[in-house]
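Just so it is clear, the values below take in all heavy atoms, side chains as well, and ignore hydrogens, waters and symmetry mates. All ligand and atom numbering here is 1-based and tracks the order in the structure. Since the structure is predicted, the reported quantities are computational estimates derived from the model, not experimental observations.
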Amino acid sequence: MTLNTAQRRYLEAMGIDVFIARYGESRVLAVKPENPVPVVITYPPAVDPAEWETLRGEVAACKRCALHKGRTQTVFGVGDTAAKWLIIGEAPGAEEDRQGEPFVGRAGRLLNSMLQAIGLRRDEVYIANILKCRPPDNRDPRPEEVACCEPYLRRQIRMINPKIILALGRVAAQNLLKIDTPIGKMRGRRYEYPDPRVPVIVTYHPAYLLRSPKEKRKSWQDLQFALRVYRESE
Ligand code: SF4
C-alpha cells in the first residue's frame, strides 16, 4: 500500500513508528510496538524534506522580480509532496496573497469540487502556481516574471515527480508548455512536460468557470480525459 500525509499522521497518532525512506528509496517500514513483525509498506519515492524546506526558504526570501515589492507573502504551494497529481494554476490572487495558500476562496472551493468529482481530495494532490507572488490587480504574469520564477516550479516538479500535471487555464498551460496555442485547442490533448517527462492535461481555470458556468461541462470532460491518461500511466 502507499501512504499519503493523512494516513501517515493517523499511523503516528496510533503510536506506530513510521520509518520514512530517504529520498529515492521505495519502502517504508511501519512497526507496531506490540507486534514484533514489521509491517512493510511500499512507498512512492519521497521528497527530501530538507531539500524541500530549503527551496521554500529560497522562495520566501526571493527578490528576483519586481513582484516581491507588492506581496504580503509568497505562495509556495500546498498539498502532499508525494502526490501523483500536480495541479498548476496561474498566480496568487488577493486572498491567496493574504493567506499564503493557492486556490482559496470561491475558485479554490470549485477546484476542490472538481477534484472530488474524479475521486481526489485536496490534501492528496499538490497545488502550485506559475508565479509565487501576486501580480498587481490580477493582471497576467509578464514573461520576465515567469522566467524569474520558473526555476522554483521546475524544482518542485522534479522533487514531487508526479504522474500527471493538470494545468488550469491559458496562462498556466501556455507558460508551462512554452506554447501560445489558444486554450480551446489545448483541451483534449495530451502534452508532455519534458523533465521529468510527465503528461500534462489542460482545462479551464476555476475562476473562469465561475464567470462562465456553461463551460463546466467541458471542464468535466477534461477531468475525465485526465483521469484516463493518469490510469494509462499507472
Ligand atoms: S514571483 Fe517568483 S521570481 Fe518574482 S519575486 Fe516572487 S518568488 Fe521571486
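- Here the closest non-hydrogen pair linking Thr74 and Ala60 is OG1-CA, 3.5 Å.
- Which parts of ligand 1 touch Cys148 is read off a 4.0 Å heavy-atom cut-off, strictly below it: atoms 3 (S).
- In this structure, the separation between NZ on Lys178 and OH on Tyr191 is 14.5 Å, given to the nearest 0.5 Å.
- Rounding to the nearest 0.5 Å gives a distance of 10.0 Å between CZ of Arg170 and CG of Asp180.
- Applying the 4.0 Å criterion to heavy atoms of His68 picks out, from ligand 1, the atoms 5 (S).
- Side chains of Tyr152 and Glu58: no donor on one and acceptor on the other come within 3.5 Å.
- Using a 4.0 Å cut-off to heavy atoms of Cys62, the atoms of ligand 1 that qualify are 3 (S), 5 (S), 7 (S), 8 (Fe).
- For the pair Gln156 (side chain) and Phe76 (backbone), a donor-acceptor distance under 3.5 Å is present.
- Here the protein heavy atom with the shortest distance to atom 6 (Fe) of ligand 1 is Cys133 SG, 2.3 Å.
- Taking the ring centroids of Tyr126 and Trp52, they lie under the 6.0 Å cut-off.
- The part of Arg71 lying near ligand 1 is the side chain, judged by heavy-atom distances below 4.0 Å.
- Of the protein's non-hydrogen atoms, Cys149 SG, 2.3 Å is the one closest to atom 2 (Fe) of ligand 1.
- Here the heavy atom of the protein found nearest to atom 4 (Fe) of ligand 1 is Cys65 SG, 2.3 Å.
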